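Keep in mind the model is a prediction, meaning the values are calculated, not measured. Heads up: numbering here begins at 1 and tracks the sequence.
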Amino acid sequence: HLHVGKGYYVRSFARDLARALGTLGHLTALRRTRSGAFTLTAALDGALADPAAREPDARAALDEAVRCARRGLVRAVPQLPALDLEEAQEITVRHGKPLAHASIASVSEGSPCTLVREGRLVAIARREGDVLRVVRGFARDQDVTS
């Protein structure tokens, strides 16, 4: 098990370890178990994707798994302040307009925050003066129709 930072090459570590031992070596398996706040316990099963292309029930299961993962994004960035939005504010954000928010004082100038409506991640925004500007918006959850 290795705990490494961004940009660390595990395959290079295996090569260098083998050289230091005076032998040859290679990886037979490599599995990332965590990336930042994301862990395997919250990961989506890739096996859901193939049947989802053919079967409506499987597609519904995949869509629900993606919705759950999106809700988990807010928990994945706990270091960011989360500001709750009212319906009108959500509309403003979804149109890409700057947003004045009563809790803006909890966000440092130039810092990012999450904008949340009813537990759903709407956007990641950055404070610029007295407003929040959307850095990355997220699509609305939609009902699955086949």
Side-chain angles (χ1 to χ4, degrees), residues 1-17 20 25-146:
H1 292 273
L2 296 174
H3 295 268
V4 299
K6 181 179 177 181
Y8 188 86
Y9 293 97
V10 174
R11 287 181 181 87
S12 296
F13 170 78
R15 179 201 62 213
D16 296 346
L17 178 62
H26 70 278
L27 293 177
T28 58
L30 176 61
R31 184 173 190 192
R32 183 181 308 236
T33 59
R34 179 183 194 100
S35 182
F38 297 96
T39 64
L40 286 178
T41 56
L44 295 180
D45 184 350
L48 291 173
D50 188 42
R54 299 184 310 272
E55 304 164 18
D57 289 344
R59 175 60 191 221
L62 177 61
D63 287 345
E64 180 57 25
V66 169
R67 279 191 199 96
C68 290
R70 279 197 53 228
R71 286 189 292 270
L73 283 175
V74 175
R75 293 187 301 275
V77 286
Q79 71 277 17
L80 297 182
L83 304 182
D84 290 315
L85 300 176
E86 299 294 328
E87 183 177 7
Q89 292 173 315
E90 179 183 5
I91 292 167
T92 297
V93 167
R94 291 202 183 278
H95 286 118
K97 296 179 182 175
L99 176 70
H101 194 284
S103 298
I104 197 167
S106 66
V107 181
S108 302
E109 176 68 30
S111 295
C113 65
T114 57
L115 303 179
V116 180
R117 170 96 168 118
E118 296 176 345
R120 292 176 291 112
L121 181 61
V122 175
I124 296 176
R126 183 173 311 280
R127 180 176 176 184
E128 294 181 6
D130 293 333
V131 296
L132 298 167
R133 294 196 188 277
V134 174
V135 174
R136 173 67 169 96
F138 296 92
R140 268 180 245 194
D141 287 341
Q142 296 183 5
D143 292 332
V144 178
T145 54
S146 300

If you take all heavy atoms of Pro112 and Pro81, which pair is closest and at what distance? O-CD, 3.6 Å
Please round to the nearest 0.5 Å and tell me the distance separating atom [atom1] of [X] and atom [atom2] of [Y].
| X | Y | atom1 | atom2 | value |
| --- | --- | --- | --- | --- |
| Glu90 | Thr92 | CD | OG1 | 10.0 Å |
| Glu86 | Arg117 | CD | CZ | 6.5 Å |
| Arg31 | His1 | CZ | NE2 | 10.5 Å |
| Leu132 | Ile124 | CG | CD1 | 12.5 Å |

More than 12 heavy atoms of other residues, nucleotides or ligands under 6.0 Å from [atom1] of [X]: is that the case?
| X | atom1 | result |
| --- | --- | --- |
| Glu87 | CD | no |
| Asp16 | CG | yes |
| Tyr8 | OH | yes |

Between the main-chain N or O of Gln89 and the side-chain N or O of Arg94, is there a donor-acceptor pair closer than 3.5 Å? no
Sequence neighbours excluded, which residues qualify as side-chain contact (heavy atoms from CB on, under 4.5 Å) partners of Val93? Leu85, Leu99, Leu115, Val122, Ala123, Val134
List, one per line, each side-chain donor-acceptor pair under 3.5 Å for residues 101-108, sequence neighbours excluded.
unit_1 : atom_1 : unit_2 : atom_2 : d
His101 : ND1    : Ser103 : N      : 2.9
His101 : NE2    : Asp84  : O      : 2.8
Ser106 : OG     : Ser103 : O      : 2.7

For Arg133, salt bridge (charged side-chain N to carboxylate O under 4.0 Å, His left out) partners two or more places apart: Glu128
